[in-house]
Engineer: 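Please see the structure below; I have some questions.
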Amino acid sequence: MAFMLYSIDEAIDGVYVVTKSMNGQAKIGTLIHVMDARENSDGIIVDYRVTRTGQNFVAKFETVKDFCKWVRPDKFIARHYDNLTKKEIRQYIRITDRTFTSFCLPIIIVLVALIWIASFVLLKGVLRIVLAVLLSVIAFFGVVLLLNKQKENIKLKLYSKLNIGVSFK
């Protein structure tokens, strides 16, 4: 999921979830509160506090884009952070960050290539082309369905764990 700020000033007093570890500071899945941010000629300097431990840190980034790659706003995690484990938060981040191009496209390309190779080796005539096209379409929809199902399952798992008044069948 892409998230961008126009200016680093927009990040001040915001709560973010860390999506990439920073050595000796915040790990993946950590909730931080940005207390101050300023732009220098060298880059961007961000003062933040890790919410669970209360430790203050300073981080330096080259651009606002680099800051946005490091953290993302997530109201769901911020609201229910105390009820979730680090493992659940990491899994939630990993699954929700998947996109069509980063997850589905490589799998689809490999599957379609294997389907076409197998159809040309095993079958003859027009049947191989028809079967290859049909299986390619099925593979496409299957992988997209897999992506959506994984996202839905992790969200349902977390919502049902929190028991926030939503009933699931």
Side-chain angles (χ1 to χ4, degrees), residues 1-111 141-169:
M1 295 173 108
F3 132 78
M4 279 301 285
L5 298 172
Y6 295 109
S7 166
I8 195 62
D9 294 334
E10 295 175 29
I12 297 173
D13 206 28
V15 178
Y16 300 92
V17 177
V18 176
T19 57
K20 293 185 180 181
S21 288
M22 187 175 285
N23 290 339
Q25 293 186 11
K27 295 183 174 147
I28 295 175
T30 304
L31 197 66
I32 65 163
H33 177 248
V34 176
M35 298 181 300
D36 189 27
R38 56 198 172 281
E39 204 163 343
N40 288 352
S41 59
D42 299 346
I44 296 167
I45 298 171
V46 177
D47 298 320
Y48 66 93
R49 174 175 288 148
V50 176
T51 55
R52 188 165 275 175
T53 62
Q55 293 177 304
N56 293 337
F57 293 104
V58 176
K60 183 179 175 193
F61 301 96
E62 297 293 323
T63 62
V64 175
K65 186 177 181 181
D66 293 335
F67 173 77
C68 292
K69 287 180 183 177
W70 179 60
V71 296
R72 77 169 189 210
D74 199 314
K75 290 182 173 47
F76 172 74
I77 296 292
R79 197 174 304 126
H80 303 290
Y81 190 77
D82 294 334
N83 300 327
L84 304 173
T85 64
K86 286 267 194 189
K87 182 180 177 185
E88 290 169 336
I89 293 171
R90 286 185 185 126
Q91 186 179 18
Y92 172 79
I93 290 169
R94 186 174 52 86
I95 297 293
T96 54
D97 279 348
R98 288 183 179 171
T99 62
F100 180 81
T101 53
S102 70
F103 179 73
C104 293
L105 199 57
I107 294 172
I108 290 171
I109 290 171
V110 169
L111 283 177
F141 286 114
V143 172
V144 171
L145 182 68
L146 174 70
L147 172 70
N148 292 336
K149 192 70 174 163
Q150 283 182 339
K151 285 185 177 185
E152 181 182 322
N153 284 345
I154 188 67
K155 288 177 184 176
L156 284 175
K157 180 181 168 188
L158 293 181
Y159 283 131
S160 63
K161 178 186 177 186
L162 296 172
N163 196 14
I164 54 177
V166 181
S167 66
F168 302 104
K169 294 182 180 179

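Bear in mind that the values here come from a model prediction, so they are computed numbers and not experimental data.
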Engineer: Heavy-atom distance under 4.5 Å between the side chains of Glu152 and Lys149, does that happen here?
Structural biologist: yes
Engineer: Over all heavy atoms of both residues, which pair between Ala59 and Tyr48 is shortest? Give the atoms and the distance, please.
Structural biologist: CB-CE2, 3.8 Å
Engineer: Could you walk me through whether Lys69 and Thr19 pass the side-chain hydrogen bond (donor to acceptor under 3.5 Å, both in side chains) test, one step at a time?
Structural biologist: CA-CA 7 Å; Lys69 287 180 183 177; Thr19 57; over 6 Å; no
Engineer: Could you grab the distance from atom SG of Cys104 to atom CG of Asn148, nearest 0.5 Å is fine?
Structural biologist: 7.5 Å
Engineer: Taking all heavy atoms of Asp42 and all of Lys60, pick out the closest pair and write down the distance.
Structural biologist: CB-NZ, 3.4 Å
Engineer: Using a 4.5 Å cut-off on heavy atoms from C-beta on, say whether the side chain of Arg94 contacts that of Ile154.
Structural biologist: no
Engineer: Of all heavy-atom pairs between His33 and Asp13, which one has the smallest distance, and what is that distance?
Structural biologist: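 Looking at all heavy atoms of both residues, the shortest contact is NE2-OD1, 2.8 Å.
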Engineer: Can you tell me which residue among Thr99, Ile107, Leu105 is in a side chain to side chain contact (heavy atoms under 4.5 Å, CB included) with Phe103?
Structural biologist: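 So, applying the side chain to side chain contact (heavy atoms under 4.5 Å, CB included) to Phe103 and each of Thr99, Ile107, Leu105, only Ile107 qualifies.
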Engineer: Are there more than 12 heavy atoms of other residues, nucleotides or ligands under 6.0 Å from atom CZ of Phe100?
Structural biologist: yes
Engineer: Mind checking whether Phe67 and Phe61 have parallel, tilted or perpendicular rings, split at 30° and 60°?
Structural biologist: perpendicular
Engineer: Roughly how far, to the nearest 0.5 Å, is the CE atom of Met35 from the CD1 atom of Ile12?
Structural biologist: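 Output value for this atom pair is 11.0 Å.
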Engineer: Is any side-chain heavy atom of Tyr81 less than 4.5 Å from a side-chain heavy atom of Val17?
Structural biologist: no
Engineer: Measuring only between side-chain heavy atoms, which start at C-beta, is Ile32 closer than 4.5 Å to Gln25?
Structural biologist: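 No. Closest side-chain heavy atoms not under 4.5 Å.
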Engineer: Counting N and O atoms only, with roles assigned by atom type, does the side chain of Thr30 sit under 3.5 Å from a partner on the main chain of Val18, one being a donor and the other an acceptor?
Structural biologist: no
Engineer: Does the pair Met22 and Phe57 meet the rule for a side chain to side chain contact (heavy atoms under 4.5 Å, CB included), with working shown?
Structural biologist: CA-CA 11 Å; Met22 187 175 285; Phe57 293 104; over 6 Å; no
Engineer: Going by heavy atoms in the side chains, are Asn83 and Lys161 under 4.5 Å from each other?
Structural biologist: no
Engineer: Please give me the minimum heavy-atom distance between Arg49 and Asn56, naming the atom from each residue.
Structural biologist: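 Reported closest heavy-atom pair: NE-OD1, 2.8 Å.
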Engineer: Can you name the nearest heavy-atom pair linking Arg38 to Asp47, along with the distance?
Structural biologist: NH1-OD2, 3.0 Å
Engineer: Are Tyr92 and Phe76 near enough that their ring centres are under 6.0 Å apart?
Structural biologist: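 When the ring centroids of Tyr92 and Phe76 are compared, they turn out to be within the sub-6.0 Å range.
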Engineer: Ignoring hydrogens, what is the shortest heavy-atom contact between Arg90 and Ile28? Give both atom names and the distance.
Structural biologist: NE-O, 3.2 Å
Engineer: Considering only heavy atoms from C-beta outward, does the side chain of Lys151 approach that of Leu147 to under 4.5 Å?
Structural biologist: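 Lys151 vs Leu147: side chains touch.
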Engineer: If you count every heavy atom of other residues, nucleotides or ligands that lies below 6.0 Å from Lys20 atom NZ, does the total exceed 12?
Structural biologist: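 Atom NZ in Lys20 is not crowded, with 12 or fewer foreign heavy atoms closer than 6.0 Å.
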Engineer: Answer whether the closest heavy-atom distance between the side chains of Leu158 and His80 falls below 4.5 Å.
Structural biologist: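 A side-chain contact is absent here, since even the closest heavy-atom pair is not under 4.5 Å.
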Engineer: Hey, could you give me the CD1/CD1 distance between Ile93 and Ile95, rounded to the nearest 0.5 Å?
Structural biologist: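 Going from the CD1 atom of Ile93 to the CD1 atom of Ile95 covers 11.5 Å.
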Engineer: Could you measure the distance from the OG1 atom of Thr85 to the CD1 atom of Ile89? Nearest 0.5 Å is fine.
Structural biologist: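 It is 7.0 Å, given to the nearest 0.5 Å.
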Engineer: A side-chain contact here means heavy atoms from C-beta on lying under 4.5 Å apart; do Lys75 and Val15 qualify?
Structural biologist: no
